Amino acid sequence: MSDLAATPDMGARLLAPAGPVDLVGSVLTASGCAAAGRELDPYLDLTALGGVVTKTIMRGARSGRPTPRMAETPSGMLNSIGLQGPGVEAFLAADLPWLAQRGARAVVSVAGEDVGEFVDVATAVREATSGDGALGAPGTDGGVLAALEVNISCPNVANRGLVFACDPVSAAEVVAAVREVTDPRVPVLAKLSPDVTDIVAVAAAALAAGADGLVMVNTLLGVAIDVDRAAPVLSRVTGGLSGPAIRPVAVRCIWQVHAAMRAGLLPTAPIVGVGGVRTGRDAAELVLAGAAAVQVGTVTFGDPGAPARVQAELADVVRHHGAAGLGELVGRAHEALRAGGHP
Amino acid sequence: MTAAPARDPGAAAVPAQVRAEVVRAEDLGVYRRLELATVAGAAAAPGQFAAVAVGGEQSAMLLRRAFSIHAVDPAAGTLSVVVAAHGAGTRWVCERSAGDVVDVVAPLGTGFTLPAAGQRLVLVGGGYGSAPFAWTARAAAARGVAVDAVIGAGDEARLCDVAGVQDAVTAAGGTVHVTTDDGSAGRRGRVTDVLAELLADRQGPVTVAACGPMAMLAAVHATATACPDGPPVAVKVAVEEAMACGVGICMTCVLPVRGADGATRMLRSCTEGPVLDADRVRWDCVGAHGASVPADAVGAPEGGAA
């Protein structure tokens, strides 16, 4: 084996309208599972990751929901945080500068209760990052802002509370509006919900509206009941299911959308896989299904060093396949199928 | 350039994630004490906690279990926790024996800020809440702080480390009071019955440091608030909230707490706590099965809690 094979290229490439955005790593944190990055600093090297995907930022401060907000379930958990956060102004004043000073790349997750709030948050991010100051030029190696992730898995107040991600029209409307106000050097990624009948249709709508990439998948809605109390565990009854329990769902969604891209039914765009990744082999499943990068979320709660560990383990898988870089493995499982590798 | 700011004396030591061998595992009443070989807690302060991964590498239980640090011994390079078997995860921890290796993150959260020399500290613990008290009493005595303790539980079996606390407190010239709900040990009644008497008789300022179930902490605060006028009483509580991560990233262990600016926020009890100033906690919004969001909290939904 050559030295080259021993040190595979673990970078990942996103695409923005103005050109590619290269990340030094292919494993990122996941939104809502890393706060704004700082809390994980004692446990791993944030600068070696593909990026820190921040907790979802909204316009104003939000208290979040009452407790209990969390229920552990087999190989997973339910959460019902309610997007607690300080608001975009405080985030841009404190959290993003900290990541910049630390030398980490940020994927800023944004959300709103209506299209206007998405636009306001994305606009605030653009205004704070479009200079060449301490935050660096967005979408460049020296800039902290690597991408925006549009969290469309929140209720649309203007549409009977229906989640944006569950309606291709609403999803497209939000993505188009955010793309419109975002720096052309910054990729806009749409984070999709698996709780839909046809994820390819939602992916198509998001891409047609200008999404530069897709993040798949968000949590699935679930309920846990405390049998002793004969009452729901969570204060607001439903919560988002995450963790290894949902990994096959994530792999399926990535598979379907990547297959549609291969078939020419969708424009080709990078997929960032997320859902139940615990090890490098788990991450490799998402990659082989079609993900160009992978986020590590819920497992970080139990193992704060997990994103870095998974990236190292994923490099072992790349080495095992004799590949020069992760890119060679993206979607490779589809080729096995085409070659008649399965009955 | 101005000089770098002095390190906040209350600031926690940087936590570390380590794999630590169990060097001793033994029963402590109905509880289990585990001594782990790690220096991760060497700089820990009483009140801080450790978070232990449960079930092994392929465990279906993803979340760490948080335990108040029982003691650290920097010379021996050990950290101890006391565990009550509540469910499958804590049972797994209790089943560890010497030679087993566990994945632990420590020290986490805020510790108790001990009062100044010459002042008085009253430790109040319910159930395994008294686990860190022997260590706390030794640390306080070393600073010249007078220490007493009130330890209570439902019954004698559920009292925690009375002997250890007694050794440490009496060595420092203080007194340990024991209460049980059923009278099986010490005085029949609640820790707050004794606390009310101690506070009524106080001759100088008192700091109360309490660990135990939320209902007990609320009662301790109410008792201190209701005590007769006299020298000041400060109450610090180490809260016990369900946590998913223990390191500040999951936002599940929040409590409504009033800040220095008077505004209430939902604060993480793992990073801003577990030790909180009891006067700041919105006890009116803390119930037996969780905390509500006060309508006046920062960022509360319009028209009250969502």
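Residue numbering restarts at 1 for every chain, and letters A, B, ... go by the order of the sequence lines. The model shown is predicted, which means the values in this text are computed figures rather than measured ones.
Of all non-hydrogen atoms in B:Leu62 and A:Pro244, the two that sit nearest each other are CD1-CD, 3.3 Å. When every heavy atom of B:Ala16 is checked against every heavy atom of A:Tyr43, the shortest pair comes out as C-CE2, 4.2 Å. Nearest heavy atom pair, residue B:Gly248 against residue A:Glu39, reads O-CG, 3.8 Å. Contact detail for A:Pro42 and B:Val14: the closest heavy-atom pair is CB-CG1, 4.0 Å. Across B:Ala244 and A:Met77, no two heavy atoms sit closer than the pair CB-CE, 4.2 Å. When every heavy atom of B:Ser292 is checked against every heavy atom of A:Pro66, the shortest pair comes out as CA-CB, 3.9 Å.
Contacts of A:Thr29 with chain B are absent, with no heavy-atom separation under 4.5 Å from either backbone or side chain. Both the backbone and the side chain of B:Ala291 come within contact range of chain A, each with at least one heavy atom under 4.5 Å from a heavy atom of that chain. In this structure, chain A has heavy atoms under 4.5 Å from both the backbone and the side chain of B:Ser59. If you measure heavy-atom distances from A:Asp303 to chain B, the contacts under 4.5 Å come from both the backbone and the side chain. At a 4.5 Å heavy-atom cutoff, A:Arg38 makes no contact with chain B through either its backbone or its side chain. Neither the backbone nor the side chain of B:Val52 comes within contact range of chain A; no heavy atom of the residue lies under 4.5 Å from a heavy atom of that chain.
Put simply, the side chain of B:Glu57 does not reach to within 4.5 Å of the side chain of A:Thr279, judged on heavy atoms.
A:Thr67 contributes atom OG1, which lies 7.0 Å from atom CG of B:Leu255 (distance to the nearest 0.5 angstrom).
Ranked by heavy-atom pairs shorter than 4.5 Å toward chain B, the options A:Gly76, A:Ala231, A:Gly87, A:Ser235 are led by A:Gly76. Most heavy-atom pairs under 4.5 Å with chain B, from the set A:Gly302, A:Gly305, A:Pro68: that is A:Gly302.
Summarising the local packing, CD of B:Glu95 is surrounded by more than 12 heavy atoms from other residues, nucleotides or ligands at distances under 6.0 Å. Around the CZ atom of A:Arg229, the shell of radius 6.0 Å holds more than 12 heavy atoms that belong to other residues, nucleotides or ligands.
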### Query
Could you go step by step and tell me if B:His289 and A:Asp226 meet the side chain to side chain contact (heavy atoms under 4.5 Å, CB included) rule?
CA-CA 11 Å; B:His289 300 295; A:Asp226 180 331; over 6 Å; no
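Salt bridge absent: A:Arg69 and B:Glu241 never bring a charged side-chain N and a carboxylate O closer than 4.0 Å.
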